[in-house]
Amino acid sequence: QVQLVESGGGLVQPGDSLRLSCLVTGRTLNSYTVAWFRQTPGKEREFVAAVRSGGNSGRTYYTDSVKGRFTISRDNAKSTAYLEMNSLKVDDTAVYLCAIGVPSLGIIHTSQGYLHWGQGTQVTVSS
């Protein structure tokens, strides 16, 4: 059975960095697009970043608010995807969820494009 487990969240101060990991079991990661979403109480789930299949160098996508600060990457041999977050802001506080799927271009930024989801890891940015 497919399982995704996120790790690496924590409580940090503005300007700090975190690296989130998403370990995928039950499927080979190579053929899937991997995405990170985030959820905040009272708000809709928000797309953060995605990396398409294509070895470890698939095309990447980012929401505007994280461009230049976050980097999504993948290591297919380790069946793991990462989200490196730099220059963290208070507004980045959320539960971050990893997902995999085979989305078409039109739904790569939406939840419906993904087949499997992790439980999430909490990121709190506070001064």
Shortest non-hydrogen contact from Trp117 to Ser111? CZ2-O, 3.6 Å
Donor-acceptor pair, Glu6 side chain versus Gln119 backbone, under 3.5 Å? yes
Would you say the rings of Trp36 and Phe47 are close, in the sense that their centroids are separated by under 6.0 Å? no
Heavy-atom closest pair (Ser79 atom, Val24 atom, distance to 0.1 Å) is OG-O, 2.6 Å
Residue Gln122 excluded, over 12 heavy atoms near CD under 6.0 Å: yes
Side-chain heavy atoms under 4.5 angstrom apart, residues restricted to Ile, Leu, Val, Met, Phe, Trp, Tyr: same cluster for Ile108 and Ile72? no
With side-chain contact (heavy atoms from CB on, under 4.5 Å) as the criterion, how do Glu84 and Asn86 come out once you've worked through the C-alpha distance, each side chain's angles and the decisive distance to 0.1 Å? CA-CA 7 Å; Glu84 183 178 2; Asn86 299 314; 3.8 Å; yes
Scan side-chain atoms only and decide if Tyr96 and Arg38 contain a donor-acceptor pair under the 3.5 Å cut-off. yes
Cluster question for you: counting only ILVMFWY and a side-chain heavy-atom cut-off of under 4.5 Å, with indirect links fine, are Ile100 and Leu115 together? yes
Which atoms form the tightest heavy-atom contact between Gln13 and Ser127, and what is the distance? NE2-O, 4.4 Å
Measuring from atom OH of Tyr114 to atom CG of Leu97, what distance do you get when rounded to the nearest 0.5 angstrom? 13.0 Å
Using modelled atom types and a 3.5 Å cut-off, is there a donor and acceptor pairing between side-chain atoms of Thr40 and backbone atoms of Thr93? yes
Which value, rounded to the nearest 0.5 Å, describes the distance between Ser7 atom OG and Leu20 atom CG? 8.0 Å
May I have the step-by-step check of side-chain contact (heavy atoms from CB on, under 4.5 Å) for Thr25 and Val2, ending in yes or no? CA-CA 6 Å; Thr25 58; Val2 177; over 6 Å; no
Same cluster or not: Val125 versus Phe70, using hydrophobic residues (I, L, V, M, F, W, Y) connected whenever any side-chain heavy atoms lie under 4.5 Å apart? yes
From Ile107 atom CD1 to Gln112 atom CD, the distance as rounded to the nearest 0.5 Å: 5.0 Å
Do the charged groups of Lys89 and Asp92 touch, with an N to O distance under 4.0 Å? no
Examine Leu83 and Leu18 and state if one hydrophobic cluster contains both, with Ile, Leu, Val, Met, Phe, Trp and Tyr joined whenever side-chain heavy atoms are less than 4.5 Å apart. yes
Same apolar cluster (I L V M F W Y, side chains within < 4.5 Å links), Phe37/Tyr62: no
Any donor-acceptor N or O pair under 3.5 Å, side chains Asp75, Thr80: no
Taking atom types as modelled, find out whether Arg52 and Thr33 have a side-chain donor-acceptor pair closer than 3.5 angstrom. no
Minimal non-hydrogen separation, Asn76 against Gly55, with atom names: ND2-O, 2.9 Å
